[in-house]
Colleague: 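Sharing a structure below in structure tokens format, with a few things to ask.
Note that the numbering runs from 1 along the sequence shown for the chain. All heavy atoms count here, side chains included; hydrogens, waters and symmetry mates do not. Quick caveat, the model's predicted, so the values are computed rather than measured.
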Amino acid sequence: MSSEVARPRGRPAHTPGTTVLTYTPDGRRIITGGSNSAIRIYTVDEDGEPQTVDDGMDGHVGVAATNKYFVMGSEDGNVWQYDAVTGKSGPILTRCALPIRDLALSRDGEWVAVASDDLTVKLVKVEDMSQIKYLREQQKSAKHVTFDPNGRYVAVSSTNGLLYIYSLAEDEPELIQKLDGVIRQLEPESEATSRAVWHPDGTAFAVAEATRDVAIYSVSQWKKEKTFANGHTGEITALSWSPNGALLVTAGADKQIVLWETKTQSILQRYDFGNVINIAWHPTKNSLSFTTSDGELFIHDNFVPKSHEAQLLKSLQAAPIFAGPLTDVSNNVQQTLADRSKEKMRKPVRAGTPDSLDDILGGDEEMEDFVDDDDGAGYAEELNAHGKRPNGHLDDLDGPDAKRLYSGAVQPKSHPPLQPGSTPWAGNRRYLCLNLTGAVWTVDQETHHTVTVEFYDRELHRDFHFTDPYQYDKACLNDNGTLFSNNPSDGSPATIFYRPHETWTTRADWRTQLPEGEMVRALALSESYIVAVTTKGYVRVYTLFGTPYRVYRQKSQAVTCAAWRDYIMTIGNGSVSADGRYATLHYTVENVKRDEICQNEDVVALPPGAQLQSVFFTDTGDPCVYDSTGVLVILQHWRTPGQARWVPLLDTKQLSRLAGGRKEETYWPVAVAQGKFHCIILKGGDKNPYFPRPLLSEFDFQVPISSNPSKGPEEDGADANQSSRFEEGFVRGSLLLSLFRDLLASTNATSGQRAELARKELELDKTLLQMLAIECREGEERGMKALELVNLMTDRNGKMVEAAAKVAERYGRGVLEDKIRNLAERRVSGMDDDDDELA
């Protein structure tokens, strides 16, 4: 077969020798290095001369890049950091005593792996090069090093023909596999490759074998699953998966580049190019770039022929590690695999799980033989006789497929079910719950799951782990206990299970089943009650020890729920939006203990087209919602029927850390507590957190008032910036004060709470006093606004108003001072301001 498009021209980039290249993740630039001292930065889709960086060092042999910077390793043992846009040289990240051989960046760009002729591979933190981790198990030097896409593993290809797999689950990397016979023994300078190239879904990797074939190894078994055979007659020098994993491209010493289809391991196209030693796919386009040992760069646009280009346009595809044909992997949730043999279908399998443990289970042994209960909590006392369910059905709870073609009028789009604190499947893992108490996560083992519950405060609670034959897909966690539920697809009833952390009896956990055909859409757990909203439209409330307390039908189709002490909030799809495109979300807040409805089927204030990302109560009991636009809103005056309104607490897109486009990140909501927004920072286009469990970050509230991001006192400059900061502080302080007053009005306030109320009022008046000082500096013409600020003070004994008069006196505003003192006298005498004006 020959190429269907014109042959690209080679671009002389470097002198003959090793030539490396990489794309920036956004696909805008190609960065190359070679045997000479020059570094080239090519702008994609531009034919002009590349930007050249001459750092005075020869022998660049490793390169990796983010959108903002790239790292380059050279034979002198140095790893340098450069600006990806300007090419400006940055710091030396690390030094090795012997030549560098390969570099790799973690997906989040935080760590760079450095392979050299030293026996030890380094993992260096880019922003703090003093933080270094070491991979020490190699007996010979490393030729290649690669991170898996999910950040779980590092693969090191040693020159002695051994492949080392390290786990990054803990703070210190741990060797978990040493694979012999997988790769060839190669000299460090050899143009042949022994690199482990990870499939984009992270469940497998490809390596070049001594037979000149390409083998695929699964992560679950660490064994060969498939082979791309008979592609080359010479040693393989480079290989790379397409960004969606549907295609594989290999290059060999036989002067051939071969394009493979992943699903069938068949050859789609051959191209005649000699001396190719490095290959890189464009992240989004039908374009492949490669370099040769002659120092040339080729940019092959329309590399995949039109007859096969549809393969490149598919969503993320599963790795070819099963016998049957594969299907799409979209949004980290893998769809149904091909039909398996009848023998295998006797065992229920979660759709699309790439990690099979059938061999471990010993064929047809009964499930009782492998279910364990390592903490004595009674999880395994009874097995489901109907088998275990797949989890892929969760997307179907929403009703009709959104892609179905409708006749007649346009159907409004409803919001799918949401379990706060959970994530979709990513590979074979997902978080069932992640909050300030800890995390509940599950691993799909094909025929069963394994669940781990971890706590931040291990002195208060003990972590536990158990085998889960029920395949729980939802969970809640707090200081009292852990709540689970499942939704079987085999016709067996849905189950709700609760396990308290502490009990003074032998067994206090309980399990209940819902009526046949009824599934759980969302769960919530408070200090007093358990809440489940179901597909039949019911809201089911239980006590913590399993007593059904209340059952009623929700007025709207259930989406999610949340709970705090005696209060529960349910959210469902309600009326159609004004444009007819979306179903609005309606919420209800109820005090279960008093059987009082605080707000009934009111509207959740979301921008058009925005999606709900999480809903939770603050630590002081106020409902909050975080949406896909990055805005956190809180419900004010919700205890008074008909008075509730949604008020923004924080717009994460206006954070000062994002000013000037310095960072590309999003935020996964966790909680609102201690007066801060707690979240997980996601980088690199990630939508959900992954493993190992990421660190929590916290941000102060910042009500969106103006386009100027809030600045701290150390950044004070012009009065305009000060005024903007104080105005935001006043609006935010007023909101928090209002929420606190509502809380005290509904409870028996303690002396400490009353003192806290007085402190909040004083802080708010201090903010107004600072705003007053700015107005006084501006001149007499701002006097009316200055007097208005004094009127806004909560102070009723005249002390803060008297302080305001002194501020006016200090700046020589005599008329304003007189008016403020008159106001102080009226307040002391108790005269109402409005009545005084009328008089």
Colleague: Could you tell me whether Lys676 atom NZ has more than 12 heavy atoms of other residues or ligands within 6.0 Å of it?
Modeller: yes
Colleague: So Val533 and Tyr538, side-chain contact (heavy atoms from CB on, under 4.5 Å) or not? Walk me through it.
Modeller: CA-CA 6 Å; Val533 292; Tyr538 292 122; over 6 Å; no
Colleague: What distance separates Asn435 CG from His678 NE2, expressed to the nearest 0.5 Å?
Modeller: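 Between atom CG of Asn435 and atom NE2 of His678 there are 11.5 Å.
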Colleague: Quick one, Val520 with Leu514, criterion side-chain contact (heavy atoms from CB on, under 4.5 Å). Give me CA distance, side-chain angles, the key distance, then yes/no.
Modeller: CA-CA 9 Å; Val520 178; Leu514 299 187; 3.6 Å; yes
Colleague: Quick one: CG on Leu432 to CH2 on Trp441, what's the gap to the nearest 0.5 Å?
Modeller: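 If I round to the nearest 0.5 Å, the distance is 11.0 Å.
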Colleague: Hey, is Arg550 close enough to Glu590 for a salt bridge, meaning N to O under 4.0 Å?
Modeller: yes
Colleague: Would the Tyr626 and Phe616 ring centres measure less than 6.0 Å apart?
Modeller: no
Colleague: Just checking Phe699 against Tyr667, ring centres under 6.0 Å apart?
Modeller: yes
Colleague: Quick check: does any side chain N or O of Asn487 sit under 3.5 Å from a backbone N or O of Ala494, one acting as donor and the other as acceptor?
Modeller: no
Colleague: Could you check if a side-chain atom of Trp198 sits within less than 4.5 angstrom of a side-chain atom of Trp241, using non-hydrogen atoms only?
Modeller: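 Heavy-atom side-chain distance check fails, nothing below 4.5 Å.
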Colleague: Compare every heavy atom of Leu477 with every heavy atom of Ala439, then report the nearest pair and how far apart it is.
Modeller: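 Residues Ala439 and Leu477, closest heavy atoms: N-CD2, 3.8 Å.
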Colleague: For the residue pair Arg565 and Phe617, would you count it as a cation-pi contact if the rule is NZ or CZ under 6.0 angstrom from the ring centre and within 45 degrees of the ring axis?
Modeller: no
Colleague: What do you reckon, are the aromatic ring centroids of Tyr549 and Tyr529 less than 6.0 Å apart?
Modeller: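 Yes, they do, as the ring centres are separated by less than 6.0 Å.
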Colleague: Could you tell me how the ring of Phe497 sits relative to the ring of Tyr472: parallel (under 30°), tilted (30 to 60°) or perpendicular (over 60°)?
Modeller: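 Parallel.
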Colleague: Evaluate the side-chain hydrogen bond (donor to acceptor under 3.5 Å, both in side chains) criterion for residues Ser526 and Ser528: first the C-alpha distance (whole Å), next the side-chain angles of each, then the deciding distance (0.1 Å), finally the verdict.
Modeller: CA-CA 5 Å; Ser526 75; Ser528 307; 4.7 Å; no
Colleague: Would you say Ile530 and Leu544 make side-chain contact, with heavy atoms under 4.5 Å?
Modeller: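 Ile530 vs Leu544: side chains touch.
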Colleague: Ignoring hydrogens and angles, tell me if any N or O in the side chain of Thr146 forms a donor-acceptor pair with the backbone of Ala196 under 3.5 Å.
Modeller: yes
Colleague: Nearest 0.5 Å, please: how far is CG in Leu525 from CG in Asn478?
Modeller: 4.0 Å
Colleague: I'd like to check Arg521 versus Lys474 (side-chain heavy atoms, cut-off strictly below 4.5 Å). Are they in contact?
Modeller: no
Colleague: Is the charged tip of Arg499 near the ring of Phe464: under 6.0 Å from the six-membered ring centre and within 45° of its axis?
Modeller: yes
Colleague: What is the minimum heavy-atom distance between Ala558 and Thr534, and which atoms define it?
Modeller: CB-O, 4.1 Å
Colleague: Check whether Asn150 reaches the backbone of Arg152 with its side chain - one donor and one acceptor, N or O, closer than 3.5 Å.
Modeller: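 No, Asn150 side chain to Arg152 backbone: no donor-acceptor pair under 3.5 Å.
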Colleague: Determine, stepwise, if the pair His449 / Asp444 fulfils side-chain hydrogen bond (donor to acceptor under 3.5 Å, both in side chains).
Modeller: CA-CA 5 Å; His449 293 177; Asp444 181 22; 3.3 Å; yes
Colleague: Would you say the side chain of Asp619 lies within less than 4.5 Å of the side chain of Gln674, judging by non-hydrogen atoms?
Modeller: yes
Colleague: So, Thr588 side chain and Thr570 main chain: donor-acceptor pair closer than 3.5 Å or not?
Modeller: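 It does not hold such a pair.
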Colleague: Could you check whether any side-chain heavy atom of Val440 comes within less than 4.5 Å of a side-chain heavy atom of Thr482, counting everything from C-beta outward?
Modeller: yes
Colleague: Using a 3.5 Å distance criterion without hydrogens, assess whether the side chain of Gln317 forms a donor-acceptor pair with backbone atoms of Lys314.
Modeller: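 No, Gln317 side chain to Lys314 backbone: no donor-acceptor pair under 3.5 Å.
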Colleague: Side chains of Trp668 and Leu434: does their closest heavy-atom pair fall under 4.5 Å?
Modeller: yes
Colleague: With Ser218 as reference, evaluate Glu225, Lys223, Lys224 under the side-chain hydrogen bond (donor to acceptor under 3.5 Å, both in side chains) test and give the passing residue.
Modeller: Glu225
Colleague: Go through the steps for Trp111 and Leu168 under the test side-chain contact (heavy atoms from CB on, under 4.5 Å), then give the verdict.
Modeller: CA-CA 12 Å; Trp111 295 86; Leu168 301 179; over 6 Å; no
Colleague: Please confirm whether the backbone N or O of Lys263 pairs with a side-chain atom of Gln265, one donor and one acceptor, at under 3.5 Å?
Modeller: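 A pair under 3.5 Å: yes.
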Colleague: Go through the structure and list residues passing ring pair (Phe, Tyr, Trp, His ring centres under 6.0 Å) with Tyr567, not counting sequence neighbours.
Modeller: Trp638
Colleague: Decide yes or no for Arg429 and Tyr690: does some side-chain heavy atom of the first lie under 4.5 Å from some side-chain heavy atom of the second?
Modeller: yes
Colleague: For Glu665 and Leu682: C-alpha separation, side-chain torsions, deciding distance, then whether side-chain contact (heavy atoms from CB on, under 4.5 Å) applies.
Modeller: CA-CA 6 Å; Glu665 59 189 32; Leu682 302 177; over 6 Å; no
Colleague: Take a 6.0 Å sphere around CG of Asp171 and say whether it holds more than 12 heavy atoms from other residues, nucleotides or ligands.
Modeller: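 Count not over threshold, so no.
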Colleague: Keeping to residues at least two apart or across chains, list the salt bridge (charged side-chain N to carboxylate O under 4.0 Å, His left out) pairs with something in residues 526-544.
Modeller: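 Qualifying pairs: Glu518-Arg540.
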Colleague: With rounding to the nearest 0.5 Å, note down the distance linking OG in Ser556 to OH in Tyr587.
Modeller: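 It is 12.5 Å, given to the nearest 0.5 Å.
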Colleague: Applying ring-ring contact (aromatic ring centres under 6.0 Å, His included) between Tyr153 and each of Trp222, Phe205, Tyr217, report the one that passes.
Modeller: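 Going through the options one by one, the only one that passes is Trp222.
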Colleague: For the atom pair CD1 (Ile216) and CD1 (Ile321), what is the distance rounded to the nearest 0.5 Å?
Modeller: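 Separation between the atoms: 10.0 Å.
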Colleague: Quick check against the 3.5 Å criterion: does Asn486 have a side-chain atom that pairs as donor or acceptor with the backbone of Thr495?
Modeller: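 Pair found, side chain donor or acceptor close to backbone of Thr495.
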Colleague: Can any side-chain N or O of Ser422 pair as donor or acceptor with the backbone N or O of Cys433 at less than 3.5 Å?
Modeller: no
Colleague: Closest heavy-atom contact between Leu123 and Pro173?
Modeller: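 That closest heavy-atom pairing would be CD1-CG, 4.1 Å.
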Colleague: Looking only at atom types and distance, does a side-chain atom of Asp463 sit under 3.5 Å from a main-chain N or O of Phe455, one as donor and one as acceptor?
Modeller: yes
Colleague: Is His465 close to Val453 at the side-chain level, that is, under 4.5 Å between some pair of heavy atoms?
Modeller: no
Colleague: NE2/His199 to CG/Asp148 distance, rounded to the nearest 0.5 angstrom?
Modeller: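 With rounding to 0.5 Å, NE2 (His199) is 12.5 Å from CG (Asp148).
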Colleague: Specify whether Phe466 and Phe484 have parallel, tilted or perpendicular ring planes, treating 30° as the upper limit for parallel and 60° as the lower limit for perpendicular.
Modeller: perpendicular
Colleague: Looking only at atom types and distance, does a side-chain atom of Thr618 sit under 3.5 Å from a main-chain N or O of Val672, one as donor and one as acceptor?
Modeller: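 Such a contact is absent between Thr618 side chain and Val672 backbone.
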Colleague: Mind checking salt bridge (charged side-chain N to carboxylate O under 4.0 Å, His left out) for Asp566 and listing every partner two or more places apart, or none if nothing turns up?
Modeller: none
Colleague: Let me see the working for Arg693 and Glu454 under salt bridge (Lys or Arg N to Asp or Glu O under 4.0 Å), right down to the final yes or no.
Modeller: CA-CA 10 Å; Arg693 186 176 65 191; Glu454 295 181 340; 3.4 Å; yes
Colleague: Looking only at heavy atoms, which two atoms of Pro416 and Val559 are closest? And how far apart?
Modeller: O-CG1, 3.4 Å
Colleague: So, are Glu172 and Lys133 salt-bridged, with charged N and O less than 4.0 Å apart?
Modeller: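 Salt bridge between Glu172 and Lys133, a charged N being under 4.0 Å from a carboxylate O: no.
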